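Since we're looking at a predicted model, the values are computed, not measured. Residues: numbered from 1 along the sequence shown.
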Amino acid sequence: MITIYGSPRSSSGRCFWTLEEIGIEYQDRPIDFRNKEHKSQDYLELNPNGKIPVLTDGEFVIWESMAINMYLAEKYRPELLGADAETRGLVYQWSIWSIGELQSPLIDIFIQKVFVPEDKRDNAVIQKAKDKLPALLSILDKELSGKTYLAGANFSLADLNTASVVHICKNLK
């Protein structure tokens, strides 16, 4: 049985989405951060970083949302990775770009707006991150110009992973 530890309203959300796309049964296991469940010895045995998500598939344990998604696609629905090396390369490229380039400034804004009290927020951090977004989103717009999907003619993990990061923009308004 597959178990996903985390919340759909976090970086775990892309894993929940992938699980739904592949259409297999799974259990979700929310983690109580207020009671520091993510720092418990049992949880740290699953993920020594004390972060979400974590996925267990029988005895197999994997963490990091993009790695989880790649694993799930590889094992349960390989067509999400693409039919050939070139398409898979693009799936990896856009998945890595979305968390390596686009997610970083979005998380900087998110942390300041959600976790830092308003009177202690660093508006320079927020503005610097906001200034990066137009160029990054332009890269994505340019790539999608005249086509529907990022990696070939079909929906793939590139679209899912990238959309899961772009969705943070909506949450930040």
Side-chain angles (χ1 to χ4, degrees), residues 4-21 28-41 43-55 61-73 89-151 155-173:
I4 180 80
Y5 295 77
S7 164
R9 294 184 50 92
S10 69
S11 60
S12 305
R14 66 180 60 104
C15 301
F16 281 89
W17 184 1
T18 302
L19 285 162
E20 291 296 322
E21 287 292 331
D28 67 320
R29 175 74 165 64
I31 297 298
D32 186 347
F33 281 85
R34 290 179 192 223
N35 288 322
K36 301 203 181 293
E37 188 176 5
H38 62 298
K39 298 298 182 184
S40 72
Q41 187 58 41
Y43 191 77
L44 291 172
E45 286 178 23
L46 295 173
N47 184 345
N49 298 295
K51 295 181 179 181
I52 58 171
V54 169
L55 182 127
V61 178
I62 186 169
W63 37 268
E64 288 298 333
S65 62
M66 292 292 179
I68 290 168
N69 280 358
M70 298 295 180
Y71 164 77
L72 288 169
L90 292 173
V91 168
Y92 301 143
Q93 169 189 288
W94 285 107
S95 297
I96 293 166
W97 176 85
S98 67
I99 61 165
E101 298 293 331
L102 183 58
Q103 184 169 287
S104 183
L106 291 169
I107 295 303
D108 288 345
I109 296 167
F110 181 81
I111 288 169
Q112 290 296 315
K113 288 189 168 188
V114 174
F115 295 112
V116 177
E118 191 169 355
D119 62 324
K120 299 206 185 307
R121 287 184 189 152
D122 188 335
N123 289 319
V125 168
I126 294 171
Q127 192 57 53
K128 182 178 178 183
K130 280 184 176 181
D131 290 345
K132 292 178 182 178
L133 293 175
L136 293 168
L137 293 171
S138 177
I139 290 168
L140 189 55
D141 284 343
K142 182 178 177 186
E143 183 63 28
L144 286 169
S145 178
K147 63 184 190 178
T148 305
Y149 303 111
L150 288 169
F155 177 80
S156 72
L157 215 51
D159 304 296
L160 187 155
N161 287 336
T162 304
S164 73
V165 174
V166 171
H167 186 70
I168 298 169
C169 293
K170 180 182 177 191
N171 292 336
L172 293 174
K173 296 183 176 46

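Residue pairs meeting the side chain to side chain donor-acceptor pair (under 3.5 Å) criterion with at least one partner in residues 126-138, sequence neighbours excluded, are Gln127-Asp131. Counting only residues at least two apart or in different chains, side chain to side chain donor-acceptor pair (under 3.5 Å) contacts with residues 109-126 are absent.
Asn47 meets the side chain to side chain donor-acceptor pair (under 3.5 Å) test with Asn49; sequence neighbours excluded. The salt bridge (Lys or Arg N to Asp or Glu O under 4.0 Å) check on Lys142 picks up nothing, with sequence neighbours excluded. The side-chain contact (heavy atoms from CB on, under 4.5 Å) check on Ile107 picks up Gln103, Ile111, Ile168, with sequence neighbours excluded. Taking the side chain to side chain donor-acceptor pair (under 3.5 Å) definition, one finds that Ser10 meets it with Ser12, sequence neighbours left out. Trp97 pairs by the ring-ring contact (aromatic ring centres under 6.0 Å, His included) definition with Trp94, not counting sequence neighbours. The side chain to side chain donor-acceptor pair (under 3.5 Å) test applied to Asp141 returns no partner, not counting sequence neighbours. Remark: Glu37 pairs with Arg29 by the side chain to side chain donor-acceptor pair (under 3.5 Å) rule, at least two apart or across chains. Residues satisfying the ring-ring contact (aromatic ring centres under 6.0 Å, His included) test with Tyr149, not counting sequence neighbours, are none. Every residue two or more places apart in sequence or in another chain that forms a side-chain contact (heavy atoms from CB on, under 4.5 Å) with Phe110 is listed here: Val114, Phe115, Leu172.
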For residues 61-72, which side-chain N or O atoms pair as donor and acceptor with protein atoms under 3.5 Å away, sequence neighbours left out?
residue : atom : partner : partner atom : Å
Ser65   : OG   : Arg14   : NH1          : 2.6
Asn69   : OD1  : Thr18   : OG1          : 3.0
Asn69   : ND2  : Arg14   : O            : 3.3
Asn69   : ND2  : Thr18   : OG1          : 3.1
Asn69   : ND2  : Asn161  : OD1          : 2.8
Tyr71   : OH   : Asp57   : OD2          : 2.6
Tyr71   : OH   : Lys75   : NZ           : 3.4

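The number of heavy-atom neighbours closer than 6.0 Å to NZ of Lys147, taken from other residues, nucleotides and ligands shown, is above 12.
Nearest heavy-atom pair across Ile4 and Cys15 is CD1-CB, 3.7 Å. The two residues Asp108 and Ala129 make their nearest non-hydrogen contact at CB-CB, 4.1 Å. For Val165 against Ser98, the heavy-atom pair with the smallest separation is CG1-O, 3.5 Å. Taking both residues in full, the closest heavy atoms of Asn35 and Asp32 are given as ND2-OD2, 2.7 Å, listed atom of the first, atom of the second, then distance.
Ring-centre distance between His38 and Tyr43: not below the 6.0 Å cut-off.
Looking at heavy atoms from C-beta onward, Leu137 lies in side-chain contact with Leu102 at the 4.5 angstrom threshold. Using a 4.5 Å cut-off on side-chain heavy atoms (C-beta onward), Leu106 and Cys169 make contact. Counting only heavy atoms from C-beta outward, the side chains of Asp28 and Leu19 never approach each other to under 4.5 Å.
Rounding to the nearest 0.5 Å places CG of Leu157 at 9.0 Å from OG1 of Thr162.
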